[in-house]
Amino acid sequence: MPRFLAGISHRIYRHRAFAIAGAITALFLLLLAVLPVLHASDPKLSNTVPAYGEVSQEVVDELAHSSSIPLLAAAVIFSIWGVLVYLRCLDYVLRRRLVAIATICALWMIEVIFKYNTFTPSYATLLWYLYYVPMTLVPLLYQLCGMRLAGVEQHRAGRRYRTALWIAAALLIAFVLTNDLHRQVFHFDRASETWSNDYTYGWGYFLFPAWTVFNFVAFFALVRRSSSFRIQRFSGTAALVLLGGAFFCVSYVMRVPWAWKLNFSLVYCVLCVVTLEICLDCDVIPSYHDIAGIFDTLPLDLKALTRDLQVAYATPMSGPTPPGVFEELRAQEHGRAHAFAVASAPDVMYRAFPLLGGSALLAQDVSELNELNRELSHRRMELQRQNELLAADYDLKAHLADQEAEALLVQDVDRALARALDEMYGMLSSLPPLTDEASSHERYRMLQCAKMLVAYCKRKGSLTLAQHGESGFDRDRIQLIANELASDLRTIDVDCASIIAIRRPMHASTVSALYDCVYDFAFFAYTTDHPALMYHLSDHDSCSVELRATLFSNDEGDLSQTPAAHELEVALRGRNVAYRLEGEPGQLRMTVLMPRAGE
């Protein structure tokens with residue numbers, strides 16, 4: 001809607017609309033007033049052309065006693081209808097096309113008036129050809145309106161089709177305006193005084209009826225596609241009007257006497273405008289028609305307010321507006337949708353939407369929603385208290401679990417240290433005397449084993465301190481421990497290397513079990529000839545780690561079949577781990593899968 005028609009009262013709105021129509025009518029009268037000047041300035045007229053006063057008198061007499069008065073009245077009516085349809089149509093694209101149709105019809109009437117009062121055949125011929133400009137554009141605009149209603153223009157193919165229609169219309173208009181060059185639309189003898197009646201149709205003329213039928217049929221096909229069943233029934237009424245128009249056009253082309261006596265352009269425009277008016281009134285084309293009736297059927301508390309917050313429309317379910325609502329509307333910025341509530345009606349949510357010339361106010365009962373919110377708030381508080389209790393309970397259980405894990409670790413370390421000390425004391429008490437070289441070698445081997453037991457006891461004992469001091473063993477810390485173990489083994493002539501590839505820290509109990517497996521395998525390696533060890537520790541999955549150990553020696557037999565290997569397997573069975581031993585001459589491979597403890 002134009003700015004000068006927005007935000008005003010209905011009375012002023014109506015007065016301004018009719019003022020626009022009156023201005024258009026005055027413009028038409030001004031054009032008719034200068035008509036004699038146009039006749040007098042025709043260079044093809046002879047010197048015997050009457051003076052301006054005589055021409056004016058002849059024009060006025062012709063207008064008074066000819067069919068120009070109905071045409072002038074029709075032009076004024078089409079202009080007023082164009083203004084009204086601009087104010088009634090909802091869609092801005094359809095609005096422009098409907099106004100274009102109204103403008104073309106009004107200008108067509110003025111063009112016909114000029115033709116009836118033209119003194120020269122050249123002007124009359126040109127104005128006659130100009131008849132076919134609106135006859136080409138009006139059906140085209142009809143189909144474009146149908147494409148807009150059906151939503152066809154939103155697609156690329158629809159836009160290309162629309163461009164093709166405009167090109168075809170331009171070619172048809174150029175074809176008829178150049179009829180004097182090719183004579184394919186009309187055949188007539190300009191030298192004859194009765195040339196305006198004694199003419200025949202060429203093959204090009206029948207392109208225009210085909211164009212008209214094609215566009216109107218396409219319009220109703222698109223409308224039927226886009227409309228509901230209720231609207232389709234009313235669109236049939238509009239189709240009957242155009243069918244009557246088609247019957248009139250055929251009769252006129254066939255020069256049936258009753259049709260030949262009527263003004264073709266006037267009847268054509270009236271039928272087109274009546275058809276569009278029916279479509280507007282029946283909501284085939286979206287409009288503001290019967291907006292008050294629409295409000296009467298809405299099951300909502302809805303009000304349409306003017307800029308000064310006066311109620312223009314209200315639904316039957318609308319109640320009185322409580323205090324504070326209008327004050328809130330005045331405080332908000334106009335043109336933006338917002339929702340609010342007032343203290344006088346806490347169980348009602350108001351939503352304001354901007355409209356042209358005012359706003360819409362929707363009231364929604366939210367008492368059930370408020371009650372639900374209160375219940376949810378109460379439940380949320382209860383859940384928060386339960387979460388706090390659960391968090392405290394979890395912390396307590398986690399603390400107890402840590403204490404239990406620590407106690408189990410201490411017990412495991414105590415048992416391991418007791419076993420290692422017993423073995424070490426037994427080994428030291430059974431050392432052979434230094435009598436010969438064999439006994440010396442055996443004594444050296446037993447002392448090296450005792451040294452390994454001392455290193456084992458030192459590493460196991462450090463776990464209890466680590467349990468108190470840090471949260472776990474990460475990759476760097478385990479790599480440091482592995483390097484210390486490798487140094488201890490090299491002192492007893494066992495080559496050792498290790499690779500640590502874990503991503504997450506491990507609990508002390510897991511590291512304790514790994515110590516046992518590593519030292520069990522190291523003790524076995526010490527029984528072989530020139531041993532070399534390789535350890536690889538990595539994550540097997542999110543819940544377990546994998547230890548791979550490989551032993552290389554100069555022994556010729558299968559190491560997995562030795563008595564020491566059987567003792568190693570017995571030791572691994574007591575570690576509560578999943579393991580696998582694989583051997584071949586000079587080699588033994590151990591794979592240990594261990595769950596992550598303390599997680």
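Everything numeric in this text was worked out from a predicted model, so none of it was measured.
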If you round to the nearest 0.5 Å, how far is [atom2] of [Y] from [atom1] of [X]?
X	Y	atom1	atom2	result
Arg97	Cys145	CZ	SG	6.0 Å
Arg159	Gln154	CZ	CD	9.0 Å
Thr178	Gln184	OG1	CD	10.0 Å

Practice task
Look at Arg385 together with Glu388 and state whether they make a salt bridge at an N to O cut-off of under 4.0 Å.
Solution key: no
Is the shortest heavy-atom distance from the side chain of [X] to the side chain of [Y] under 4.5 Å?
X	Y	value
Ile110	Leu71	no
Leu144	Trp166	yes
Met109	Leu72	no
Trp128	Asn179	no
Thr321	Lys303	yes
Ile285	Leu276	yes
Leu165	Trp211	yes
Tyr161	Gln143	yes

Exercise for the section: Starting from the C-alpha separation in whole Å, work towards a yes-or-no answer on side-chain contact (heavy atoms from CB on, under 4.5 Å) for Leu222 and Leu149. Expected result: CA-CA 7 Å; Leu222 291 168; Leu149 291 172; over 6 Å; no
Return yes when atom [atom1] of [X] has more than 12 non-hydrogen atoms of other residues, nucleotides or ligands closer than 6.0 Å, and no otherwise.
X	atom1	result
Glu368	CD	no
Phe340	CZ	yes
Arg160	CZ	no
His378	NE2	no

Do any N or O atoms from the side chain of [X] and from the backbone of [Y] form a donor-acceptor pair under 3.5 angstrom?
X	Y	value
Ser367	Asp347	no
Arg504	Ser542	yes
Thr275	Leu271	yes
Ser359	Ala352	no

Completion exercise
The ring-ring contact (aromatic ring centres under 6.0 Å, His included) partner of Phe175 among Phe208, Trp203, Phe186 is Trp203
With [X] via side-chain contact (heavy atoms from CB on, under 4.5 Å) - residues at least two apart:
X	result
Gln310	Thr306, Asp308
Val85	Trp81, Leu98, Val99, Leu280
Gln384	Arg380

Practice task
List the steps and the verdict of side-chain contact (heavy atoms from CB on, under 4.5 Å) for Tyr129 and Asp180.
Solution key: CA-CA 10 Å; Tyr129 292 160; Asp180 289 344; 2.8 Å; yes
Work out which heavy atom in [X] is nearest to a heavy atom in [Y]; give both atom names and the distance.
X	Y	result
Val348	Val366	N-CG2, 3.9 Å
Pro322	Ala345	CG-CB, 4.1 Å
Ala75	Ser79	O-OG, 2.8 Å
Gly158	Met147	O-CE, 3.6 Å

Fill in the blank from the handout: Sorted by chain and residue number, the salt bridge (Lys or Arg N to Asp or Glu O under 4.0 Å) partners of Glu328 (sequence neighbours excluded) come out as none
Exercise for the section: Output all residues satisfying salt bridge (Lys or Arg N to Asp or Glu O under 4.0 Å) with Asp91, sequence neighbours left out; order by chain, then residue number. Expected result: Arg148
Exercise for the section: Kindly determine whether Leu305 and Phe326 satisfy side-chain contact (heavy atoms from CB on, under 4.5 Å), including the steps that lead there. Expected result: CA-CA 10 Å; Leu305 307 177; Phe326 290 149; 4.2 Å; yes
Only pairs under 3.5 Å count here: list side-chain donor-acceptor contacts from residues 132-142, not counting sequence neighbours, and write none if there are none.
unit_1 : atom_1 : unit_2 : atom_2 : d
Thr136 : OG1    : Tyr132 : O      : 2.6
Tyr142 : OH     : Cys272 : O      : 2.4

Exercise for the section: Using the side-chain contact (heavy atoms from CB on, under 4.5 Å) rule, take Val273 and Cys105 through it: C-alpha gap first, then chi angles, then the decisive distance, then the call. Expected result: CA-CA 9 Å; Val273 169; Cys105 291; 4.3 Å; yes
Handout entry: is_close_aromatic(Trp108, Phe78), centroid dist under 6.0 Å
Key =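 Ring-ring flag for Trp108/Phe78: false, centres at least 6.0 Å apart.
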